[in-house]
Amino acid sequence: MINANGRSIMRDTKYIFVTGGVVSSLGKGIISASIGKLLQARGYKITIQKFDPYINIDPGTLNPYEHGECYVTADGMETDLDLGHYERFTGIRTTRANSMTTGRIYKQVIDKERHGDYLGKTIQVVPHITDEIKACIKYLGEHDAHDFVITEIGGTIGDIESAPYLEAIRQLKWEMGRDVVCVHLTYVPYLRVADELKTKPTQHSVKEMLGNGLQPDILILRTERHLSDQLRQKVAGFCNVDLECVIQSEDLPSIYEIPVNMQRQGLDAAILRKMGIPVGEMPDLGPWNRFLELQRTAEKEVRIGLVGKYDLQDAYKSISESLSHAATYHHRKMKITFINSEFLTPENIEEKLSGEDGIVICPGFGVRGIEGKILAARYAREKDIPCFGICLGMQMMVIEFGRDVLGFADADSTEMNPDTTHPVIDLDASQQNVSDKGGTMRLGLYPCDLRPGSRVEQIYGARTTGERHRHRYEFNNRYADAYEKNGMLGTGRCPDANLVEIVEIPELRWYIGTQFHPEYQSSVLHPHPLFMDFVGTAAKYQSEKSELCVE
Ligand code: GLN
């Protein structure tokens with residue numbers, strides 16, 4: 001096949017790039033996910049990929065304060081949290097090929113150089129690094145026959161780190177012509193004193209793109225105020241972009257409204273037109289719209305306290321999104337309160353937790369804040385408040401039960417106290433001699449058998465499931481009998497490794513801990529059964545509490 005510029009097209013796959021300008025945190029991930037969602041609704045097979053321009057091989061070793069939560073794919077890659085948005089919006093399963101960093105690109109190139117693959121050449125950013133970037137982009141197009149590969153470039157245009165990516169896109173655009181479309185997301189600030197919206201930063205950002213040989217095809221302007229047609233016209237004129245390709249993205253009450261807002265303004269139609277693909281009718285988003293309708297009309301709240309050590313919302317992104325999916329389907333508004341475990345004490349726990357309808361004990365690493373998590377686990381157990389422990393959260397439930405019910409005063413995880421006489425959480429043999437920190441945990445999807453007759457079997461409606469992991473330490477099987485006899489049951493087990501994956505106390509309202517991370521598998525159209533049941537129980541508990549108050 002030959003394209004409009006007389007150049008041959010390698011495949012039928014089309015490539016969409018999403019870049020950002022002016023400032024970071026504009027929501028490129030949500031825009032990329034929305035584009036994916038809209039093209040999917042038209043029947044196309046899509047995938048979404050993220051390039052992060054930092055030198056780390058993956059974000060697994062990064063503190064959540066740097067880039068928020070670390071998301072884990074089914075095939076065990078630790079990735080940027082934007083991959084979570086891609087999966088939650090579109091229901092696709094991402095893999096290690098969907099997440100790249102500059103560090104990984106360089107490592108691949110350097111490994112090839114050491115292997116002698118470059119036959120004596122001098123290795124340079126152009127062409128070797130840029131070729132590697134292009135190969136990683138095309139890999140997704142060439143495997144699984146995707147119609148569209150959407151590639152989000154992390155960082156902001158103008159950063160030194162972004163330059164090789166822009167060069168790779170420029171080359172792809174030159175090679176493939178219309179099969180490549182560039183969507184650029186910028187910011188239009190509102191200056192209160194002047195009562196004006198300012199387009200100059202957008203103009204500068206586009207200039208920066210042009211300096212790199214890239215003309216954006218579509219501009220998405222993030223704004224807190226509605227932009228007039230006149231202002232959009234001005235941006236179109238200064239930035240060489242068609243008026244219909246200047247789209248605004250105003251702040252909306254829910255991120256899940258964004259695809260609908262983009263569709264209304266014709267973002268997907270504009271992309272197709274740019275690529276010379278017939279546009280046709282605007283598709284109905286069907287169940288997505290029904291989800292939004294439930295979200296908009298929910299009035300009553302359900303209150304969940306997140307007990308964790310990071311007081312930044314991105315650190316527990318997938319958990320809060322999973323809670324909010326579940327609340328929506330129960331026709332409730334999710335009210336999440338962050339409770340810093342570092343500052344929880346026996347004196348203030350009642351004040352901090354008694355108003356919650358449910359408590360989530362969050363994942364984490366290291367000793368900071370764990371005594372607060374143990375206190376929260378005890379409070380929830382004793383007061384019979386629905387409680388969900390996730391990964392480290394489950395381990396804290398086990399430690400608390402060991403200390404208080406089994407009477408092992410120093411029960412602990414060897415992660416926190418290597419000298420404990422009761423290592424109820426310990427390293428599995430497979431982890432004993434691991435010294436590198438990066439990418440060496442138990443990562444990705446593992447099967448889990450559910451005990452017949454258990455609460456979790458009932459919740460999943462199945463005897464077996466598969467969930468994603470990100471941890472090094474495990475429930476110590478030596479203690480299994482003591483726990484079982486006293487009422488904390490290991491109701492999920494990994495069949496191959498015989499590791500405990502789920503603990504529950506059946507006599508309580510909802511007291512379940514999972515060694516895996518169910519939050520990585522909840523999506524808008526398929527909310528996770530554990531979150532559904534937990535939030536449903538929390539809502540019921542709220543009603544029970546208010547009935548008691550009335551009496
Ligand atoms: N730190 C714990 C472990 O490595 C739990 C990890 C987590 O919560 N993701 O096992």
Side-chain angles (χ1 to χ4, degrees), residues 58-74 76-81 83-84 306-310 314-320 322 341-342 359-374 376-377 387-400 402 411-418 420 423-446 448 467-477 479 490 492 494 497 499-503 512-522 530:
D58 61 46
T61 53
L62 285 172
N63 183 321
Y65 281 119
E66 300 280 318
H67 296 273
E69 115 181 336
C70 179
Y71 188 75
V72 179
T73 59
M77 184 78 199
E78 296 173 280
T79 75
D80 185 75
L81 59 73
L83 272 80
L306 279 196
V307 179
K309 68 174 168 179
Y310 295 108
D314 274 359
Y316 306 110
K317 193 82 195 161
S318 294
I319 293 179
S320 43
S322 305
S341 59
E342 236 187 317
I359 294 166
V360 173
I361 307 181
C362 291
F365 294 86
V367 76
R368 183 164 71 86
I370 62 147
E371 290 304 324
K373 288 185 176 174
I374 293 172
C387 185
F388 195 173
I390 300 178
C391 208
L392 184 72
M394 167 211 146
Q395 298 177 353
M396 295 303 116
M397 284 174 154
V398 168
I399 292 169
E400 189 282 316
D412 217 324
S413 163
T414 47
E415 179 183 3
M416 322 301 169
N417 175 10
T420 173
V424 292
I425 304 291
D426 198 4
L427 282 182
D428 177 53
S430 60
Q431 285 283 343
Q432 296 286 356
N433 297 316
V434 176
S435 55
D436 272 0
K437 290 273 185 279
T440 55
M441 280 186 271
R442 186 164 180 241
L443 291 166
L445 193 91
Y446 284 90
C448 174
E467 294 279 4
R468 299 186 201 173
H469 293 249
R470 182 176 184 242
H471 61 102
R472 220 179 275 291
Y473 293 81
E474 307 284 349
F475 179 87
N476 186 341
N477 275 326
Y479 292 92
C494 180
L499 297 169
V500 171
E501 306 282 29
I502 304 175
V503 296
I512 297 177
T514 61
Q515 188 58 82
F516 50 75
H517 292 261
E519 72 273 20
Y520 295 144
Q521 297 204 106
S522 181
L530 283 173

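Counting starts at 1 for both ligands and their atoms, following the listed order.
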- Query: In terms of ring plane angle, is the pair H469 and H471 parallel, tilted or perpendicular, where the classes change at 30° and 60°?
  - Reply: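 The arrangement is tilted - the two ring planes meet at 30° to 60°.
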- Message: Ring-plane angle category for Y71 and Y520, please: parallel below 30°, perpendicular beyond 60°, tilted otherwise.
- Response: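 Y71 and Y520: perpendicular rings.
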- Is the shortest distance from a Lys or Arg side-chain nitrogen in E415 or R472 to a carboxylate oxygen in the other one below 4.0 Å?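 The answer is no: the pair does not qualify as a salt bridge.
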- Query: Going by an N to O cut-off under 4.0 Å, is there a salt bridge joining E501 and R468?
  - Reply: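 The answer is no: the pair does not qualify as a salt bridge.
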- Query: S320: what forms a side-chain contact (heavy atoms from CB on, under 4.5 Å) with it, not counting sequence neighbours?
  - Reply: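 Testing S320 for side-chain contact (heavy atoms from CB on, under 4.5 Å), a comparison that skips the adjacent residues, returns I336.
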- Message: I'd like the name of whichever of G389, S413, C362, G364 reaches closest to atom 8 (O) of ligand 1 through any heavy atom.
- Response: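 Answer by nearest heavy atom: G364.
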Does an N or O anywhere in [X] fall below 3.5 Å from an N or O of ligand 1?
| X | value |
| --- | --- |
| I390 | no |
| H471 | no |
| Q515 | no |

- Residue-ligand contact Q395/ligand 1, heavy atom below 4.0 Å: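 Judged by the 4.0 Å heavy-atom criterion, Q395 does count as contacting ligand 1.
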- Task: Compute the minimum heavy-atom distance from M441 to ligand 1 and say whether it is under 4.0 Å.
- Result: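 Not so, M441 does not reach ligand 1.
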- Query: Heavy-atom distance under 4.5 Å between the side chains of M394 and T514, does that happen here?
  - Reply: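 They are not in contact (no side-chain heavy atoms under 4.5 Å apart), so the answer is no.
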- Message: Out of all atoms in ligand 1, which are within 4.0 Å of some heavy atom of L392? Include the element for each.
- Response: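 With L392 as reference, the close atoms of ligand 1 come out as 5 (C), 7 (C), 8 (O).
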- Enumerated ligand 1 atoms positioned under 4.0 Å from heavy atoms of H517: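 Reading through ligand 1 atom by atom, the close ones are 9 (N).
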- Name of the residue among V398, T420, D412 meeting side-chain contact (heavy atoms from CB on, under 4.5 Å) with I425: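 Of V398, T420, D412, side-chain contact (heavy atoms from CB on, under 4.5 Å) with I425 is met by V398 alone.
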- Identify which one of M77, R470, M441 satisfies the side-chain contact (heavy atoms from CB on, under 4.5 Å) criterion when paired with V72.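 Among M77, R470, M441, the one meeting side-chain contact (heavy atoms from CB on, under 4.5 Å) with V72 is R470.
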Distance to 0.1 Å, residue and atom name: give those for the protein heavy atom nearest to [atom].
| atom | result |
| --- | --- |
| atom 10 (O) of ligand 1 | Y473 N, 2.8 Å |
| atom 3 (C) of ligand 1 | R472 N, 3.4 Å |
| atom 7 (C) of ligand 1 | C391 SG, 3.1 Å |
| atom 9 (N) of ligand 1 | R470 O, 2.8 Å |

- Which part of E415 is near ligand 1, with near meaning a heavy atom under 4.0 Å away: side chain, backbone, both or neither?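 It is the side chain that touches ligand 1; the backbone stays farther off.
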- Message: For Q395 and E474, which I'm curious about, is there any donor-acceptor pair between the side chains at under 3.5 Å?
- Response: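 No, no side-chain donor-acceptor contact under 3.5 Å.
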